[in-house]
Amino acid sequence: MRRELPVGDRTLGYLDSAASMPAPSNVALFLHAFPLNADMWKPQVDAAPPAWRFLALDLRGFGRADPGARQAAELTTGAGPNAPEAAPSIDDFADDALAFLDHLGVRKAVVVGLSMGGYAAFALLRRAPGRLAGLVLADTRAEADREEELAGRAQMLTLVDERGVSAVADQMIPRLLGDRTRANHPDIERWVRQMIESTSSRGVRDAIVRMAGRPDSTSLLEGISCPALVVVGDEDGLTPPDLARRMHQRIPGSHLVTLPGAAHLSNVEQPGRFNEAILAFLADRLEA
Ligand code: MLT
């Protein structure tokens, strides 16, 4: 179910599989892709096994998360309302996730990040590695943006400024969803479009700046000490299977699952196969 949590003077929106308290002690935190929101994790949150609480957080600027860096700066630094607004940073996502877990009294969680959610997971890993009970990196990359990607980000900033969020949806949907998904599941395409179009231009803009400025995380890979799973759609053109394989090879003891029939949004395109991979990982490696 969808819930809201007041944290300081902000409201964090999230999906929660736990219908009532006390919640199970095993927690997984799902971090979404750009430019969607926590709702993209509905097929996973609805499939949470009884021993697990699945939480999916709206990252800053998306879903019900208040847009703007000001409130977050106040939240994390205690700065007053007249403090200068901080530049958007990928660390904002990690700070929000940590504040969220703190407010729910969750000490450790398995973090599942897809694409931009994976960039947020790396930021969490840098900030507070001890809070990760496990890590799932889905359709994402550890590398920072290269020149060509930065040029694409600049183009998208112009697009959102000049033509708005629905033009961003037009450009993103063929990258997020495979041809077969779009041909056979117009319902999925409509749902993804609706999530994108519910985002403000400001939210999209700030996220582009956050992604463009994120540091390279490849040097973290060898040091990941929690159980880790790498998942990738076999038709993913944004973060292709080769990248996933290289990431898996560098993370000690990690597993790699390649999902047939999925492109970039593998959890949405192949929810059954994605859930199977996640649930097997949780059961085999992590169940308390
Ligand atoms: C995403 O799916 O989150 C984005 O495509 C990631 C990116 O643009 O790097």
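When a ligand or atom number is given, it counts from 1 through the structure's own listing order. It should be emphasised that the depicted structure is a prediction, and the values quoted were computed from it without experimental measurement. This chain uses plain numbering: 1 for the first residue, then up along the sequence.
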Worksheet item: Arg141: heavy atom below 4.0 Å from ligand 1, yes or no?
Response: no
Practice prompt. Please say whether Met116 places an N or O atom under 3.5 Å from an N or O atom belonging to ligand 1.
Written response: yes
Discussion item. Only heavy atoms of Leu176, strictly under 4.0 Å: list the atoms of ligand 1 that pass.
Written reply: 2 (O)
Practice prompt. Could you check if a side-chain atom of Met211 sits within less than 4.5 angstrom of a side-chain atom of Met156, using non-hydrogen atoms only?
Written response: no
Worksheet item: Is the closest heavy atom of Leu265 to ligand 1 under 4.0 Å?
Response: no
Worksheet, complete the sentence: For Leu238, the ligand 1 atoms with a heavy-atom partner under 4.0 Å come out as 5 (O)
Practice prompt. Assign the ring pair Phe62 / Phe93 to parallel, tilted or perpendicular, where the plane angle (0 to 90°) is split at 30° and 60°.
Written response: tilted
Practice prompt. For atom 4 (C) of ligand 1, find the nearest protein heavy atom and state the residue, atom name and distance (0.1 Å precision).
Written response: Ser115 OG, 3.3 Å
Worksheet item: Can you tell me how far CE of Met172 sits from CZ of Arg193, rounded to the nearest 0.5 angstrom?
Response: 12.0 Å
Worksheet entry | Top protein contact for atom 9 (O) of ligand 1, by heavy-atom distance | Tyr119 OH, 2.6 Å
Fill in: Value rounded to 0.5 Å, distance of CG in Leu137 from NE2 in His248
12.5 Å
Worksheet item: Which ligand 1 atoms are under 4.0 Å away from a heavy-atom of His264?
Response: 1 (C), 2 (O), 5 (O)
Worksheet item: Are Leu238 and Asp139 close enough that some pair of their side-chain heavy atoms sits under 4.5 Å apart?
Response: no
Worksheet entry | Sub-3.5 Å N/O-N/O distance, Met172 and ligand 1 | no
Practice prompt. Considering the heavy atoms of Phe34, write down every atom of ligand 1 situated less than 4.0 Å from one of them.
Written response: 1 (C), 2 (O), 3 (O), 4 (C)
Item to complete: Run through Phe30, Phe54, Phe100 and flag the one making a ring-ring contact (aromatic ring centres under 6.0 Å, His included) with Tyr14.
Response: Phe100
Worksheet entry | Passing candidate, side chain to side chain contact (heavy atoms under 4.5 Å, CB included) with Leu114, options Leu265, Thr140, Leu31 | Leu265
Discussion item. Students should be able to answer this: which protein heavy-atom is nearest to atom 8 (O) of ligand 1, and at what distance?
Written reply: Arg153 NH1, 2.8 Å
Side-chain donor-acceptor distances from residues 121-128 under 3.5 Å, at least two apart:
from	atom 1	to	atom 2	distance (Å)
Arg126	NH1	Ser217	OG	2.9
Arg127	NE	Asp95	OD1	2.8
Arg127	NH2	Asp95	OD1	3.3
Arg127	NH2	Asp95	OD2	3.2

